[in-house]
Amino acid sequence: MAWQAVDRIHPVIDKDAPQILSDAVREKIRSFFPRYETKRAALLPALHVVQDALGHVNHQAMKEIAEVLEIPPSDVLDTMSFYTHFWDHAKGEKVVVVCRSLSCQLMGSDAVLQAAREELKIEEHGTTPDGKYSLVTEECLAACDHAPCVLVNEKMHKRVKPDQISKLLKDAKNDEITFPRSSLFDKPAKKATADPADLPRTSDVREMKES
Ligand code: FES
């Protein structure tokens, strides 16, 4: 493994950068406060709301989340970096996830991943130049009996064969789901925006209410 130099002298955030979280997003985060004993406890819903609004959660957004929750920015980074669901940089409109765990590997997920690489002409963790697709691998997607599996945003594709990848990725509806689901996990924003009102569908995290 090669050593990687990290610049800890220069701040990663411009101190004069304009506010990135809209008032509506901040208000949405504050709306969680009555549900928890501490503001810190609203961190995960806050990350979901911000990622849904902006498409990702960059350092500036982390800093502003920390301000709203009155916690250190490093705590936001700590939590966020634990979950692969959260992105700190722009991602494609559709995130293609190829399962890399045992059942899928045994059933040919390596060939499926290779076919996706060739079709999209990007490597793992890459995003196509038109911003339409990002390609990643994940551990078990919880559908081992249908291996190998590919997730496109929240839509699961089962028993995928390498020669099906091209058709699958060209299908404009490959991320549509046909069953009722949480609005919290709606499709990523088609364009970066700080105002959730601009999005085709917005999160309301109703399902996170305590019953
Ligand atoms: S190993 Fe791929 S879905 Fe479980």
Side-chain angles (χ1 to χ4, degrees), residues 1-2 4 43-52 54-57 77-190 199-201 203-208:
M1 186 182 82
Q4 193 177 7
L43 177 51
L44 279 179
L47 288 169
H48 278 292
V49 167
V50 172
Q51 178 151 293
D52 203 34
L54 304 177
H56 62 283
V57 186
L77 177 61
D78 280 353
T79 301
M80 199 185 118
S81 58
F82 181 80
Y83 297 98
T84 54
H85 175 82
F86 297 118
W87 291 56
D88 65 1
H89 57 281
K91 61 185 174 185
E93 230 170 81
K94 294 181 184 182
V95 179
V96 179
V97 182
V98 180
C99 178
R100 65 176 175 225
S101 286
L102 185 61
S103 300
C104 286
Q105 281 244 319
L106 290 173
M107 297 304 287
S109 63
D110 283 349
V112 171
L113 176 61
Q114 183 57 26
R117 278 197 197 108
E118 288 169 9
E119 182 65 29
L120 296 173
K121 298 185 177 46
I122 52 174
E123 287 302 314
E124 200 181 333
H125 303 299
T127 296
T128 54
D130 61 4
K132 282 206 175 356
Y133 289 95
S134 293
L135 178 64
V136 295
T137 57
E138 281 281 8
E139 297 306 336
C140 184
L141 300 177
C144 314
D145 49 336
H146 301 289
C149 297
V150 173
L151 205 57
V152 180
N153 286 347
E154 305 299 327
K155 166 91 174 275
M156 181 75 87
H157 297 269
K158 299 170 178 173
R159 298 192 180 97
V160 178
K161 300 201 171 5
D163 60 5
Q164 295 171 333
I165 278 287
S166 176
K167 188 171 171 213
L168 190 157
L169 294 179
K170 284 193 178 95
D171 180 357
K173 297 183 173 173
N174 58 13
D175 63 340
E176 279 191 9
I177 58 169
T178 53
F179 49 87
R181 50 173 267 179
S182 158
S183 61
L184 181 64
F185 299 104
D186 275 343
K187 287 195 244 181
K190 292 222 177 323
L199 297 174
R201 290 184 288 175
S203 292
D204 57 17
V205 288
R206 273 176 300 207
E207 69 290 345
M208 296 189 76

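All ligand and atom numbering here is 1-based and tracks the order in the structure.
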Please list all pairs meeting ring-ring contact (aromatic ring centres under 6.0 Å, His included) that have one or both residues in residues 98-130, counting only residues at least two apart or in different chains. none
Do Asn174 and Lys155 come close enough that some side-chain heavy atom pair is under 4.5 Å? no
Could you please tell me which protein N, O or S atoms lie under 2.8 Å from atom 4 (Fe) of ligand 1? Cys140 SG, Cys144 SG
Should Ser109 and Cys99 count as side-chain neighbours, where that means a heavy-atom distance under 4.5 Å? no
So Trp87 and His89, would you call those rings parallel, tilted or perpendicular, with 30° and 60° as cut-offs? tilted
Contact check, side chains of Val150 and Val112, non-hydrogen atoms, under 4.5 Å: yes
Determine whether Glu119 and Lys167 make a side-chain contact, defined as any pair of heavy atoms from C-beta on separated by less than 4.5 Å. no
